[in-house]
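One structure is given below, encoded as structure tokens.
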Amino acid sequence: MKIIVHIDEADQWQEALAEAFPDAQVLTSSAPAEERQNADYLAVWKAPAHLLEEQTRLKGIINLGAGVDHLLRTPGLPRQVPIVKLRDAGMGELMADYVLYGVLHFYRSMDCYAAQQQRATWQPQDVVAKSQWPVGVLGLGAIGRYVANVLHQAGFPVLGWSRSPKQITGVRCYHGDDGLGELLGQVQTVVTILPDTAATQHILDARRLAKLPEGASVINPGRGSLIDEQALLEALGSDSQPGHIRGALLDVFEEEPLPDNHPLWQHPRVLITPHMAAPTPLSDAIDQVIAYIKAFEAGDSVTTIDPEAGY
Ligand code: NDP
């Protein structure tokens with residue numbers, strides 16, 4: 001069996017997979033071209049097109065992250081080969097920390113206090129009951145569902161939205177276009193944890209942002225393509241003319257790194273983080289990849305992604 005790894009920490013992956021599969025040849029993508037051919041498995045994050053194009057007998061491709069948007073856009077991706085991706089693998093907990101931080105930032109008026117500090121203003125803000133602060137979670141997959149549960153346990157009413165209907169304890173679930181509109185009209189904070197697909201591009205556009213109640217906030221740790229950034233800037237308004245969106249915590253952007261001159265950097269009510277919401281914990285990810293390869297080899301069923309749906 002031949003496994004090729006392509007990711008930043010490829011040496012650690014190579015070592016761990018070689019230990020798990022002592023009879024296998026485990027290479028990194030920096031191996032000479034002739035050695036890279038005829039791999040059985042690719043374990044990759046942002047693979048170069050040539051690595052995919054040169055393979056002839058792959059049994060599986062393992063995406064070393066939760067989002068398969070980059071992989072599905074890579075030229076030379078063999079369409080008939082099953083693709084699996086990391087599911088949770090420790091990312092749910094990290095994402096839940098990030099989102100809870102963001103929800104509390106707005107719920108406990110930390111944005112107001114940051115602005116007040118600039119003016120040396122000592123002015124406590126009212127605190128409403130958490131029951132008055134419904135949070136919408138768009139995307140109820142491995143990570144979104146984890147986040148929804150943590151928000152529910154923290155005491156916030158949680159409304160969730162997904163493509164297919166769901167029943168999740170503690171989460172009021174919606175689906176479909178009408179469901180999204182209904183959800184947006186009720187939430188104080190909306191969190192986007194959807195994949196980047198043809199159907200989710202600019203899912204929060206001007207029309208949908210306008211459905212959010214006055215003073216609502218937006219948290220996007222999913223993908224930059226989910227939000228129309230220009231529409232968000234307009235909905236945020238300026239200090240002299242505030243719009244109906246109170247603020248945003250953004251981890252992902254249409255262009256990354258966010259260009260130096262992008263107006264989002266300068267907006268006083270936008271918090272920016274550099275795509276760090278849920279980095280993949282290495283040991284959890286390695287364990288999951290080992291389990292995938294064992295399942296492929298044993299002929300057991302694995303949950304593959306749906307290339308048509310894009311996730
Ligand atoms: P999953 O594939 O497990 O789940 C995706 C969810 O989105 C599902 O609930 C799915 O619905 C829903 N969905 C997909 N398309 C639509 C649609 N058109 N309309 C409504 N709902 C839709 O993904 P994960 O939870 O593992 O990850 C979600 C995303 O988070 C990743 O794709 C990635 O972009 C992002 N991410 C960001 C990170 C960061 O550090 N910033 C780290 C990790 C992930 P259904 O359940 O019906 O299929």
Side-chain angles (χ1 to χ4, degrees), residues 66-67 91-118 125 127-128 130 133-139 143-144 146-148 150-152 154-161 183-184 187-196 200 202-205 208-209 212-239 242-259 262-279:
M91 288 181 279
E93 187 178 348
L94 290 166
M95 188 67 92
D97 290 344
Y98 182 92
V99 171
L100 190 56
Y101 174 90
V103 171
L104 291 172
H105 178 81
F106 296 110
Y107 170 64
R108 291 306 309 269
S109 305
M110 294 301 171
D111 52 346
C112 299
Y113 298 125
Q116 287 180 191
Q117 188 169 346
Q118 299 296 316
Q125 301 290 327
V127 183
V128 300
K130 281 184 182 158
W133 200 277
V135 180
V137 178
L138 310 189
I143 298 175
Y146 194 106
V147 170
V150 167
L151 291 169
H152 168 65
F156 294 98
V158 182
L159 288 70
W161 186 68
L183 177 153
L184 291 175
V187 297
Q188 286 298 319
T189 302
V190 64
V191 187
T192 40
I193 316 182
L194 290 159
D196 170 9
T200 62
H202 285 192
I203 197 97
L204 288 189
D205 56 8
R208 295 227 178 80
L209 287 168
L212 287 163
E214 184 76 31
S217 45
V218 175
I219 300 177
N220 183 17
R223 280 291 180 268
S225 60
L226 302 174
I227 300 191
D228 179 342
E229 289 172 353
Q230 194 50 43
L232 177 63
L233 277 162
E234 281 162 25
L236 285 159
S238 62
D239 268 355
H244 86 286
I245 297 291
R246 164 185 177 160
L249 167 61
L250 307 174
D251 187 51
V252 286
F253 302 89
E254 298 196 76
E255 183 182 345
E256 294 182 10
L258 187 64
H262 198 291
L264 280 171
W265 279 118
Q266 307 305 331
H267 199 287
R269 284 176 281 116
V270 174
L271 283 180
I272 288 179
T273 53
H275 200 146
M276 48 55 82

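- Residues passing the side-chain contact (heavy atoms from CB on, under 4.5 Å) test with Leu104, sequence neighbours excluded: Leu100, Tyr107, Phe156.
- Between Phe106 and Arg246, some side-chain heavy-atom pair lies under the 4.5 Å cut-off.
- Within the 4.5 Å cutoff, the side chain of Ile193 has heavy atoms near those of the Pro221 side chain.
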Exercise for the section: Start with the C-alpha distance between Leu212 and Ile245, add both sets of side-chain angles, then the distance that settles side chain to side chain contact (heavy atoms under 4.5 Å, CB included), and finish with yes or no. Expected result: CA-CA 8 Å; Leu212 287 163; Ile245 297 291; 3.6 Å; yes

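- Considering Val99, Val190, Leu159, Val191 as possible partners of Val135, the one that fulfils the side-chain contact (heavy atoms from CB on, under 4.5 Å) test is Val191.
- A side-chain contact (heavy atoms from CB on, under 4.5 Å) with His267 is found for one member of Asp239, Leu236, Leu232, Leu250 and no other, namely Leu236.
- Note that the CE atom of Met91 and the CD1 atom of Ile143 stand 4.5 Å from one another [nearest 0.5 Å].
- One N or O on the side chain of Lys130 and one on the backbone of Ala154 form a donor-acceptor pair closer than 3.5 Å.
- Every side-chain contact (heavy atoms from CB on, under 4.5 Å) that Glu234 has, sequence neighbours left out, goes to Gln230.
- Every residue two or more places apart in sequence or in another chain that forms a side-chain contact (heavy atoms from CB on, under 4.5 Å) with Pro242 is listed here: Arg269.
- By the 4.5 Å heavy-atom criterion applied to side chains, Trp265 and Val270 are not counted as neighbours.
- Here Glu229 pairs with Phe253, Glu254, His262, Leu264 under the side-chain contact (heavy atoms from CB on, under 4.5 Å) rule; sequence neighbours left out.
- The closest side-chain heavy-atom distance from Thr192 to Ile219 is not below 4.5 Å.
- Taking Thr273 as the reference, Tyr98, Asp251 meet the side chain to side chain donor-acceptor pair (under 3.5 Å) condition, with sequence neighbours excluded.
- Shown here for Ala96 and Val150, the closest heavy-atom pair between the two residues is CB-CG2, 3.7 Å.
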Practice task
Apply side chain to side chain contact (heavy atoms under 4.5 Å, CB included) to the pair Leu209 and Val218, showing each step before the final yes or no.
Solution key: CA-CA 9 Å; Leu209 287 168; Val218 175; 4.2 Å; yes

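- Under the 4.5 Å side-chain criterion, counting only non-hydrogen atoms from C-beta, Arg223 is not in contact with Glu256.
- Expressed to the nearest 0.5 Å, how far CG of Leu204 lies from CD1 of Ile227 amounts to 5.0 Å.
- Side-chain atoms of Trp133 never come within 3.5 Å of backbone atoms of Val103 as a donor-acceptor pair (strictly under, hydrogens ignored).
- When the side chain to side chain donor-acceptor pair (under 3.5 Å) test is applied to Ser217, the partners found at least two apart in sequence or on another chain are Thr189.
- Closest approach of Thr200 and Pro195 over heavy atoms only: OG1-O, 2.6 Å.
- When only modelled atom types and interatomic distance are considered, His244 and Glu214 share no side-chain donor-acceptor pair under 3.5 Å.
- Side-chain atoms of Arg208 come within 3.5 Å of backbone atoms of Ile203 as a donor-acceptor pair (strictly under, hydrogens ignored).
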Handout entry: Stepwise side chain to side chain contact (heavy atoms under 4.5 Å, CB included) test for Asp111 and His105
Key = CA-CA 7 Å; Asp111 52 346; His105 178 81; 3.6 Å; yes

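- No side-chain heavy atom of Gln125 sits under 4.5 Å from any side-chain heavy atom of Arg108.
- Heavy atoms of other residues, nucleotides or ligands lying less than 6.0 angstrom from OH of Tyr113 number more than 12.
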